[in-house]
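Some notes on the structure that comes next.
The figures here come from the full heavy-atom set of this structure, side chains too, leaving out hydrogens, waters and symmetry mates. Source: prediction; values computed, not measured.
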2 protein chains.
Amino acid sequence: MQVYRSLEERFARISSIEDAIGILQWDAETLMPEGAADSRSDQLATLKGMAHELLTAPDTGDLLDQADQDSGHLDEWPRANVREMRRIYLHAAAVPADLVEANSRAVSRAELVWREARQTSNFALLLPHLSQVLSFQRQIGQAKGEAFGLSPYDALLDRYDPGLRQATIDPLFSELSAELPDLIQEAQERQKGRPAVQPLEGPFSVDDQRRIGKQLMQAVGFDFKRGRLDASLHPFCGGSTGDVRITTRYSEGNFMSALMGVLHETGHALYEQGRPKEWRRQPVGLARGMSMHESQSLLIETQACRSREFVTYLAPLVQKAFQGEGPAWSPENLHRILTKVEPGFIRVDADEITYPAHILVRYKLEKALIAGDLQIHDLPSAFNDEVAKLLGLTVPNDSLGCLQDIHWPGGAWGYFPTYTLGAMAAAQLFRAACHADADILPGLSKGDFAPLRTWLRANVHAKGSLMTTDELLVSATGEPLAAEVFRIHLRERYLGHGWGLSYT
Amino acid sequence: MQVYRSLEERFARISSIEDAIGILQWDAETLMPEGAADSRSDQLATLKGMAHELLTAPDTGDLLDQADQDSGHLDEWPRANVREMRRIYLHAAAVPADLVEANSRAVSRAELVWREARQTSNFALLLPHLSQVLSFQRQIGQAKGEAFGLSPYDALLDRYDPGLRQATIDPLFSELSAELPDLIQEAQERQKGRPAVQPLEGPFSVDDQRRIGKQLMQAVGFDFKRGRLDASLHPFCGGSTGDVRITTRYSEGNFMSALMGVLHETGHALYEQGRPKEWRRQPVGLARGMSMHESQSLLIETQACRSREFVTYLAPLVQKAFQGEGPAWSPENLHRILTKVEPGFIRVDADEITYPAHILVRYKLEKALIAGDLQIHDLPSAFNDEVAKLLGLTVPNDSLGCLQDIHWPGGAWGYFPTYTLGAMAAAQLFRAACHADADILPGLSKGDFAPLRTWLRANVHAKGSLMTTDELLVSATGEPLAAEVFRIHLRERYLGHGWGLSYT
């Protein structure tokens, strides 16, 4: 028990350092004056270094072994905590310090060059840097793979989503891949047969947008005593567990984009704010992984807030706030705006139904690059081929193709699949919730998220990292992660009649 | 040289942790949601603990000894750096860890109780807690005193102002003490013979106040690429060296108070922003101490910005900004507002000439308490006696007396004298600057601070902690710290004819 306590203490300190890092990174994206970037880099590098040293201290491995031997005396949560501690420890200890540092330097350079390469659509400029990042990622995958007994790509997946394996993803994604091109086309056909989308005429003042955003955050259940809403270039959910800070980006011409951004990040924030307070500084208290995290944002943003029920509530609210007039402000037109299907080149601008196609492209390619089955200089043409196949589009330049995302130059290999796995989990969880509580959907049409939030809190948020993702999904929905409910959801919303079926 | 480098590296890491702490503390005072206080406390305690561990690592003392032996090979700055490293190390290592922790807990409790005690003017409520803090401060003074070969109170002074000793302060303060009561009375007499101060009629919008504040910060020379202005309950200058964040407090009824607060903090900020960049993360790059720091804020706020030259520039500017009308907005009336003398109970509301009296009271009493010559339960009556003697006022209750400041419950014993030593140094430096460059005063009447800033940068800011405070003052003004120029300044401004003499 004493061994376990001393591990808890060590991980609590690590958690506080990481909370501090979270606030400092949030500050860097929202308020920091530009000339402070160097000094902030020093701060972040120092704090990350100290957290890494604490985690990989010479005795951590021994303490974990001893705690494992004593684990019969531990309750369920502390036992799971030791398991999570070991996973985090292995991820950190598996990679030699010089490789960590070399990778971090290569990533910093590649990110810098990427900004210029994307702007000028110059893949050749990025190529040597991207090649170096890939080489380090393969080495990291190798090193972690040996520590965990996994393939390199599985080891990379595991750092974002514990327990996630290629063998799980492949069948799910091939189901989608087979169906998606037809689905996209059918949805577009059906869209043509419906009244054209009428645009909402701005300008919409940023103050009004912020006010409505906060009002909806409050309705969804965001706790402003433990978080904030601010603006940044790229919307995100950050800060620390006890102080969740979400951001959005405002445009005076289009309030819907900032608003849906706010609702998306609020979904993430609910997950952060809803986990058990007593495990706040321990590994078992962390979110279960990026797929589950994305499921929480998509559940709020797409499942709940693009539903016809919620749009019924939203339409008069925004019409009044922005003093809108005319049929463009009807719930029907608003819903058409929120469910418009239009294949495009840019992932982050994609609608719910074409988004997975962007992920399928990236998943296939990064897997092949890590495995050595694709050479990095062939990336642009391979990328464009896949886009043509899945989205029916001809990529005109690499800025609109393989240069658009920061993930690869940024060293986040193995991250992309979690977006679409999150969308699948969101559909599955939302259906289970609506089946479990018949008040959820009627609640949304009154802006009342309490029934939905109560179900999510009990079945997802309160579980932290007690179980694996699949165990969590089985306990909440009766099934492990599957593509089926997501596919049904897309068919119902995009090929169904009227507004699409609802689950009631 | 290698020993020196490894010390530099260690202190650079400590500096980055402290920079991070600075930003996190700023955030806690300005933006943090209230429910995040516990989690922020965990972060700050963890980071402070790590900085302390790094500083007092078992080999730091040995490394410093070796660096001292090699110091013949070091240039002036690295040599001074080793000296400053040792001072910081000794302050940290001299106090046993359990005393540090016991003191920190006692301070947290006492600060909490103090808020209530001040509100209800209940000294008895605070007494046991204040007594405990005092006892720990005496023990800390004892422990540090032994390490440095100093008396306990000198050791406490040294942590805020390296090299500052009671033997230096006593004669300076007794000069002031002898003169101040008469000076205050004469200034009031003279004030009566002049036109009455006409109040400026508000309300003054916070947006306008912020805009004018920023405009003046820019004029004084604040670098907004490496800093910000925000609002907080108590104005301060914080953040980190590369990212200086000052705050003020706005009231719609009185723009002058927020504005003078901004100018005061801008003086602190210039010192932060003006120190040599290459020594940013090293002890020798730190500010020379709290007296010098306060001299920089008072030099800008009182010496420069309450001068008749600056007020000539300020009056039309604020009149236009707030669309003021009538004789209340004349430079003469504005100057009368900014130099109004009125003895009062509250230190932080005091004018330039009565402020030192508040400090003399506190200095005398905290010295006696640390020495054991005054018992803590006798503090209220002793405090009130001193106020009667120096300010001619009868303190009606302890909220307006010895309970007004956070310093004593907060464990900041030895801090008070630096306010008035700073005022002395400010007068001395400002006169030297005006003598050295005849463009400084005419510059102020055009809002042009460049000549003053250039002199300060070269003679104060750029020196960091290379020299002692007295060496720094001798090199900049030809004299060590003295009361004389300050006394002349007060006589000229408050007893002189017309607007008071200027130095040209």
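For a residue to count as touching a neighbouring chain, one of its non-hydrogen atoms must lie under 4.5 Å from one of that chain's; by this rule A:Asp27 touches chain B with the side chain only. There is no contact between A:Ile21 and chain B, counting heavy-atom distances below 4.5 Å.
Contacts from residues 5-17 of chain A to chain B, taken as heavy-atom pairs separated by less than 4.5 Å, involve A:Arg13, A:Ser16, A:Ile17 in sequence order. Taking 4.5 Å as the heavy-atom cut-off, the residues of residues 279-287 of chain B that approach chain A are B:Arg280, B:Arg281, ordered by number. The contact list for residues 213-228 of chain A toward chain B, using heavy atoms and a distance under 4.5 Å, reads A:Phe224, A:Lys225, A:Arg226, A:Gly227, A:Arg228 by residue number. Within residues 267-276 of chain B, no residue has a heavy atom under 4.5 Å from a heavy atom of chain A.
With rounding to the nearest 0.5 angstrom, the CD atom of B:Glu29 is 6.5 Å from the OG atom of B:Ser232.
In this structure, the side chain of B:Thr46 engages the main chain of B:Asp42 through a donor-acceptor pair within 3.5 Å. For B:Ser104 (side chain) and B:Val100 (main-chain N/O), no donor-acceptor pair under 3.5 Å exists by modelled atom type. A side-chain donor-acceptor contact under 3.5 Å links B:Gln209 to the backbone of B:Phe204.
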Criterion side-chain hydrogen bond (donor to acceptor under 3.5 Å, both in side chains) on B:Ser41 and B:Asp38, from CA distance to verdict | CA-CA 5 Å; B:Ser41 296; B:Asp38 283 353; 5.3 Å; no
Going through the checks in order, is the side-chain hydrogen bond (donor to acceptor under 3.5 Å, both in side chains) test met by A:Asp243 and A:Ser240?
-> CA-CA 5 Å; A:Asp243 187 356; A:Ser240 70; 4.8 Å; no
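Under the 4.5 Å side-chain criterion, counting only non-hydrogen atoms from C-beta, A:Leu24 is in contact with A:Leu47. B:His234 places a side-chain heavy atom less than 4.5 Å from the side chain of B:Arg249. With contacts defined as side-chain heavy-atom distances shorter than 4.5 Å, the pair A:Thr247/A:Glu265 does not qualify. A:Thr60 places none of its side-chain heavy atoms less than 4.5 Å from the side chain of A:Thr56. Between B:His91 and B:Arg87 there is a side-chain heavy-atom pair separated by less than 4.5 Å. Between A:Asn81 and A:Met85, some side-chain heavy-atom pair lies under the 4.5 Å cut-off. Looking at heavy atoms from C-beta onward, A:Lys463 lies out of side-chain contact with A:Arg288 at the 4.5 angstrom threshold. By the 4.5 Å heavy-atom criterion applied to side chains, B:Trp26 and B:Phe236 are counted as neighbours.
A salt bridge does not link B:Arg245 with B:Asp230: every distance from a Lys NZ or Arg NE/NH1/NH2 to an Asp or Glu carboxylate oxygen is 4.0 Å or more.
Across all their heavy atoms, B:Ala258 and B:Tyr250 have their closest contact at CB-CD2, 3.8 Å. Contact detail for A:Ile23 and B:Gln43: the closest heavy-atom pair is CG1-OE1, 4.3 Å. Nearest heavy atoms, B:Val3 versus B:Leu63: CG1-O, 3.3 Å.
Chain A forms more heavy-atom pairs under 4.5 Å with one residue of B:Leu44, B:Asp19, B:Leu54 than with any other, namely B:Asp19.
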